[in-house]
Protein chains: 2
Amino acid sequence: MALLNKHFRSPFTVDNVIFGFDDEDLKVLLIKRGEDPFENKWALPGYFVKELEDLDTAANRVLEELTGLQNVYLEQVQTFGKTNRHPSGRVITIAYYSLIKISDFTKNLKPGSIAQTTAWFSLSKIQHLPFDHSDILQACFQRLQKRVRNQPVGFELLPPKFTLSQLQSLYEAILNIELDKRNFRKKILSMDLLIELGEYQEGVAHRPAKLYEFDKNRYKEFLSKGYVFDLSESKKQMAKVNGYH
Amino acid sequence: MALLNKHFRSPFTVDNVIFGFDDEDLKVLLIKRGEDPFENKWALPGYFVKELEDLDTAANRVLEELTGLQNVYLEQVQTFGKTNRHPSGRVITIAYYSLIKISDFTKNLKPGSIAQTTAWFSLSKIQHLPFDHSDILQACFQRLQKRVRNQPVGFELLPPKFTLSQLQSLYEAILNIELDKRNFRKKILSMDLLIELGEYQEGVAHRPAKLYEFDKNRYKEFLSKGYVFDLSESKKQMAKVNGYH
DNA sequence: TCAAAAGTGTTTGGGTTACACCCATGA
DNA sequence: TCATGGGTGTAACCCAAACACTTTTGA
């Protein structure tokens, strides 16, 4: 113990980029800060880590206190520790991102609670964030873009029953590219990750789409084996994602 | 400041997995610990982060004090913060790995200095390490395996002039697979990342191999554009790397 | 009947894969 | 002359890519 007391100690936080998807846009949950610095600015949710709390536990706590959700996809991304990143003194932050279904979130919202201080923002419309939160957001988004190529994590963002078009636009939103409908369907269906429910969309002003469910067991198999998902149309398309022409 | 004083503070370290390659094996530089806990055990090199020191700076400091090398490939991997990972109290560690040329290291060694307390170990032969260093090592190695597939970082581990066979066995060592000689050469040469020097190996008991140099400019181009390296023979071979059969 | 999205097959081309023999050198 | 690793080309196959029309519903 004496050993450790010789050394500099820093307070540290976990910041959590919470992604959601609304059939249109990839969104991020921000909170309006209730205290200085940057009071009343929109920022990434994050808390200080407690003495007896593991990092993952802290990240899950942020998520649960904010959304009421448990057992959510959560991944550590990077630690940001520039000495001057916090104006009040050194604070090291460990950045996580999580993927939630917006419908679950809305369902869980207690009226009049934190609702007024949180809001979903389209990723493409978020401009400047306080601290180094823009860097953190960018790092987490890039990680998500990579992850989605080799692990079928996209399903975490969709409602339990979804159409192939929803799935496609999710991938298009995350990767910021356009995919060919026929090729996309061929590829996804060939992976045997979807269960056709025999149900259909209702109340839409066009031919109703088949609803699919995600095959959880097969998914776990994939996850545990670290299988490479390798979304089709990758060669050329990925060059676009990476900004290589 | 008052704000920050309310919160728990922890000491921080950076741990650095230093990889090297010796034409045979992928190796890791370990140090024999000079103090408790785990005195005289081999462990990953790591230092406490100072109050006015950025994390990357600290990681580079570890590297330089140990090897005398600067401007080395360095990448942050993951932060390990379990409350009980250090027997003397909570210490959070940010794990990095770096890639160095063993020849540079040897050249820089001051006789009688730290030489007696550091040594290269073949990755495959490292068994139990103190603290959670085995987890850290594993995480860094897995990151290296991924990195090497989409960025030509392998060259950081080779001497300035090298043969195609050396390059191939480097990839085989990192990915732990066998590659086809003809296909590998075709692929690598087609990337236009190598400069043929017109020089040859000397003193070998077989046909001497051409020496190549790495095209630094093209490399930087690739890096900045995030180009996907995509080592050939990937589909089937990568399945092996991922343990998926 | 119109708009809007769902759904569906085939062809083509490029890249991965598999594979075997001769060459140059030192011992 | 022998052992050792260096060096080279081609054919088969598979999969990504490109592409257009019919179907079903609500308005």
Side-chain angles (χ1 to χ4, degrees), chain A residues 22-24 149-150 158 161-173 175 177-192 194 196-212 227-242 245, chain B residues 22-24 149-150 158 161-173 175 177-192 194 196-212 227-241:
Chain A
D22 70 351
D23 277 25
E24 266 300 316
R149 288 188 230 170
N150 22 296
L158 290 177
K161 301 177 181 183
F162 52 86
T163 69
L164 291 182
S165 294
Q166 283 178 297
L167 186 58
Q168 181 177 341
S169 42
L170 170 63
Y171 275 99
E172 291 179 333
L175 296 173
I177 54 179
E178 287 187 1
L179 297 168
D180 179 89
K181 184 160 59 161
R182 278 177 287 195
N183 292 338
F184 178 80
R185 285 163 184 241
K186 239 178 300 173
K187 181 77 179 188
I188 292 289
L189 291 175
S190 76
M191 303 197 71
D192 254 358
L194 298 185
E196 194 178 324
L197 289 171
E199 303 174 40
Y200 292 84
Q201 273 184 318
E202 287 174 18
V204 288
H206 55 79
R207 177 171 174 178
K210 287 182 185 168
L211 292 176
Y212 290 84
Y227 180 69
V228 175
F229 186 64
D230 191 17
L231 190 70
S232 179
E233 319 211 17
S234 41
K235 291 282 154 46
K236 292 185 184 177
Q237 297 286 23
M238 287 308 141
K240 287 187 210 164
V241 177
N242 292 318
H245 307 290
Chain B
D22 71 350
D23 278 25
E24 267 299 315
R149 289 189 228 168
N150 20 297
L158 290 177
K161 301 176 182 185
F162 52 86
T163 69
L164 290 181
S165 295
Q166 282 179 297
L167 185 59
Q168 181 178 342
S169 42
L170 170 62
Y171 275 100
E172 291 179 334
L175 296 173
I177 54 179
E178 288 188 0
L179 297 167
D180 178 90
K181 185 160 56 160
R182 278 177 286 194
N183 293 338
F184 178 80
R185 287 165 183 239
K186 240 179 301 175
K187 181 79 178 185
I188 291 289
L189 291 175
S190 76
M191 303 196 69
D192 255 359
L194 299 184
E196 195 179 323
L197 290 169
E199 303 174 40
Y200 292 83
Q201 275 184 315
E202 286 174 18
V204 287
H206 55 78
R207 176 171 174 180
K210 287 180 185 168
L211 292 176
Y212 290 84
Y227 180 69
V228 175
F229 187 65
D230 190 20
L231 191 69
S232 179
E233 319 210 17
S234 40
K235 292 282 153 47
K236 293 186 184 177
Q237 296 286 21
M238 287 308 141
K240 287 188 209 162
V241 176

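Order of the sequence lines fixes the chain letters, A, B, ..., with proteins taken first and strands second; residue numbering starts at 1 for each chain. Values in this document were obtained by computation on a predicted structure and should not be read as measured data.
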Give the rounded distance in Å between these two atoms: [atom1] of [X] and [atom2] of [N].
X        : N      : atom1 : atom2 : answer
A/Glu172 : C/dA5  : CD    : P     : 13 Å
B/Asp180 : D/dA12 : CG    : C1'   : 15 Å
B/Ile188 : C/dT16 : CD1   : P     : 12 Å
B/Leu211 : C/dA24 : CG    : C1'   : 15 Å
B/Leu189 : D/dG6  : CG    : C1'   : 13 Å
A/Leu179 : D/dA18 : CG    : P     : 11 Å
A/Gln168 : C/dG7  : CD    : C1'   : 12 Å
B/Tyr200 : D/dG7  : OH    : C1'   : 11 Å

Are side-chain heavy atoms of A/Lys161 and A/Tyr212 found at a separation under 4.5 Å?
no
Applying side chain to side chain contact (heavy atoms under 4.5 Å, CB included) to B/Ser165 and B/Gln168, what does each step give before you reach the verdict?
CA-CA 5 Å; B/Ser165 295; B/Gln168 181 178 342; 5.5 Å; no
Examine [N]: is either OP1 or OP2 under 4.0 Å from a nitrogen or oxygen in the side chain of [X]? Give yes or no.
X        : N     : answer
A/Arg182 : C/dG9 : no
A/Ser165 : C/dA5 : no
A/Lys181 : C/dT8 : no
A/Lys210 : C/dT8 : yes

Determine the sole option in A/Gln201, A/Glu196, A/Glu199 for which the side-chain hydrogen bond (donor to acceptor under 3.5 Å, both in side chains) test with A/Lys210 is passed.
A/Glu196
Between B/Arg207 and A/Gln166, name the one whose nearest nucleotide on DNA chain C is closer to the 5' end.
A/Gln166
So which atom in B/Thr163 and which in B/Ala209 form the shortest heavy-atom distance, rounded to 0.1 Å?
CG2-CB, 3.7 Å
For B/Leu179 and B/Glu172, the nearest pair of non-hydrogen atoms, with its separation, is N-OE2, 2.8 Å
Would you kindly check whether a donor in the side chain of B/Lys186 faces an acceptor in the base of D/dT8, or vice versa, at under 3.5 angstrom?
no
Counting side-chain heavy atoms from CB outward, which of D/dG5, C/dT16, C/dC19 is closest to B/His206?
D/dG5
Which of these nucleotides, C/dC19, C/dA5, D/dA18, is closest to any side-chain atom of A/Asn183?
D/dA18
With nearest nucleotides of DNA chain D determined for B/Ala209 and A/Ala205 from heavy-atom distances, which residue corresponds to the more 5′ nucleotide?
B/Ala209
What is the nucleic acid contact for A/Thr163, judged by heavy atoms within less than 4.0 Å: base, sugar-phosphate only, or nothing?
nothing
